[in-house]
2 protein chains.
Amino acid sequence: MSKHQKEMALLKEHLGKHQLKYTRQRELILDAFLKQEHITAEELYHQLSRKDPHLGLATIYRTLNLFCEAGLAQARHFGTQTQYDNVSHKGHHDHLICTECGKIVEFENCDIERLQEEVAARNGFVIKTHRLELYGLCSRCQH
Amino acid sequence: MSKHQKEMALLKEHLGKHQLKYTRQRELILDAFLKQEHITAEELYHQLSRKDPHLGLATIYRTLNLFCEAGLAQARHFGTQTQYDNVSHKGHHDHLICTECGKIVEFENCDIERLQEEVAARNGFVIKTHRLELYGLCSRCQH
DNA sequence: AAGCTAATTGAAATGGGTTATCAATTTCAA
DNA sequence: TTGAAATTGATAACCCATTTCAATTAGCTT
């Protein structure tokens with residue numbers, strides 16, 4: 001019995017609505033995907049190639065895109081690769097990044113998040129996730 | 001005489017510090033780049049190929065990356081392409097992005113910016129720039 | 001349970017955006 | 001002006017992601 005009942009139900013609902021099929025590969029990929037907060041297709045491929053050496057990389061990509069359409073995942077372009085975020089994972093955090101020494105401080109701010117919701121609502125959007133990065137100099141690098 | 005004295009001075013300072021040279025192409029690309037708020041390498045290439053048909057696309061990419069290192073530009077991965085933002089442009093704006101249809105709404109919010117400053121100050125940072133992207137569904141894509 | 005049809009798969013080819021290569025050219029300090 | 005080092009343009013190479021296509025599989029229908 002899977003630990004991801006809710007997500008699997010969501011996926012099956014989406015599959016049913018679009019005449020798509022529930023396959024062994026999709027189950028395998030869903031289980032592995034839900035264990036992480038975010039992952040790339042390549043990483044998932046390497047993780048799963050142990051369990052199923054014949055699983056193709058194209059299938060990983062296709063399935064992750066399917067998850068995005070089903071609302072389980074969200075693609076985010078990061079550097080040269082695409083990160084697939086696990087939407088069900090709460091506890092999102094933002095980053096303060098020092099452009100001099102590379103130091104990274106994670107933070108969370110409810111007030112900012114609330115204002116984001118307001119901006120979105122004003123424009124008719126419903127936010128699923130966001131990305132906030134502040135670039136500057138940390139205390140040590142200000143001289 | 002160029003209209004972009006300040007930015008050109010910044011670039012020359014960076015070039016001097018790193019034993020790099022001030023070339024006709026870099027001047028040309030800087031002038032064109034500073035006229036916009038953000039642009040892709042391909043767009044800049046097409047704009048400039050009128051003025052200088054021999055200018056190579058590789059030079060555009062190299063120069064835009066140089067601008068990022070000099071602090072004049074900021075790369076932002078957007079869909080499959082990379083947007084290069086003009087950092088000197090005042091009235092920095094953030095983005096609301098529909099993950100379904102790709103629609104992009106630009107916005108500006110002073111309250112959010114103020115809160116960002118507070119978070120930064122609390123952590124001893126001085127912010128130079130930032131990136132805020134809200135991902136979700138636009139009004140039409142919510143069904 | 002078997003048959004049928006459409007969806008799915010894996011492997012490999014293809015695609016688009018960006019970076020690396022390299023000989024020729026240009027910058028700039030001496 | 002000269003020479004060493006950086007830069008350029010053209011093109012090849014690269015990387016990640018998608019498309020193609022014949023073989024397989026899911027899941028309704030009988």
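Residue numbering restarts at 1 for every chain, and letters A, B, ... go by the order of the sequence lines. Predicted model only: the values in this text are computed from it and were never measured.
D/dT19 is paired with C/dA12 under the Watson-Crick or G-U wobble criterion, all donor-acceptor distances under 3.5 Å.
Across the protein-nucleic acid pair, A/Ile60 atom CD1 and D/dA17 atom C1' stand 13 Å apart, rounded to whole Å. We find that OH of A/Tyr45 is positioned 14 Å from P of D/dA17, with the value rounded to whole Å. Atom CD in B/Glu69 sits about 14 Å away from atom C1' in D/dA6, given to the nearest Å. Atom-to-atom, CD of B/Glu42 to C1' of C/dG16 comes out at 9 Å; the value is rounded to the nearest Å. Distance CD (A/Glu43) to C1' (D/dA17): 15 Å, rounded to an integer number of Å. Rounded to whole angstrom, the span from the CD atom of A/Gln19 across to the C1' atom of D/dT29 amounts to 16 Å. Atom CG of A/Leu64 and atom C1' of D/dC16 are 13 Å apart (whole Å). In this structure, the CD1 atom of A/Ile29 is 11 Å from the C1' atom of C/dT8, given to the nearest Å.
Taking for each of B/Ala41 and A/Asp52 the nucleotide of DNA chain C with the nearest heavy atom, the 5'-most of the two is the partner of A/Asp52. Mapping A/Pro53 and B/Lys21 onto DNA chain C via the closest heavy atom, the residue that lands nearer the 5' end is A/Pro53.
Residue A/Tyr61 places no side-chain N or O under 4.0 Å from the OP1 or OP2 atom of D/dT18. Between A/Thr59 and C/dG10 there is a side-chain N or O to OP1 or OP2 distance below 4.0 Å. Between B/Arg26 and D/dT8, a side-chain N or O to OP1/OP2 separation shorter than 4.0 Å is present. The phosphate of C/dT19 (OP1 or OP2) has a side-chain N or O of B/Asn65 nearer than 4.0 angstrom. Contact annotation: B/Gln25 side-chain N/O to D/dG9 OP1/OP2 distance is under 4.0 Å.
Here the side chain of B/Arg26 pairs a donor or acceptor atom with the backbone of B/Lys21 at under 3.5 angstrom. Side-chain atoms of A/Asn86 come within 3.5 Å of backbone atoms of A/Leu34 as a donor-acceptor pair (strictly under, hydrogens ignored).
Which of C/dC28, C/dA11, D/dT8 sits closest to the side chain of A/His54 comes down to C/dA11. Ranking C/dC28, D/dT19, D/dT8 by closeness to the B/Thr23 side chain, first place goes to D/dT8. Closest approach to the B/Ala58 side chain among D/dA10, D/dA6, C/dG10 is made by D/dA10 (side chain taken as heavy atoms from C-beta onward). Nearest to the side chain of B/Leu20, among D/dT7, C/dT9, C/dA7, sits D/dT7. In this structure, the nucleotide among D/dT7, D/dA26, D/dC16 sitting nearest to the side chain of A/Gln81 is D/dC16. Of the listed nucleotides (D/dA26, D/dG9, C/dT18), D/dG9 has the atom at the smallest distance from the side chain of B/Leu55. Closest to the side chain of A/Arg62, out of D/dG27, D/dT19, D/dG9, is D/dT19.
Using cut-offs of 30° and 60° for the angle between ring planes, the A/Phe33 and A/Phe67 rings count as tilted.
At a cut-off of 3.5 angstrom, counting only N and O atoms as typed in the model, there is no donor on one side facing an acceptor on the other between the side-chain of B/Arg24 and the base of C/dT25.
When heavy atoms are screened at a 4.0 angstrom cut-off, A/Thr82 is found touching the sugar-phosphate backbone but no base atom.
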Can you list the steps and then say if B/His38 with B/His93 is a side chain to side chain contact (heavy atoms under 4.5 Å, CB included)? CA-CA 11 Å; B/His38 50 73; B/His93 54 240; 3.7 Å; yes
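Using a 4.5 Å cut-off on side-chain heavy atoms (C-beta onward), A/Leu132 and B/Arg131 make no contact. Inter-residue side-chain proximity for A/His4 and A/Leu30 is flagged as unmet; no heavy-atom pair is nearer than 4.5 Å.
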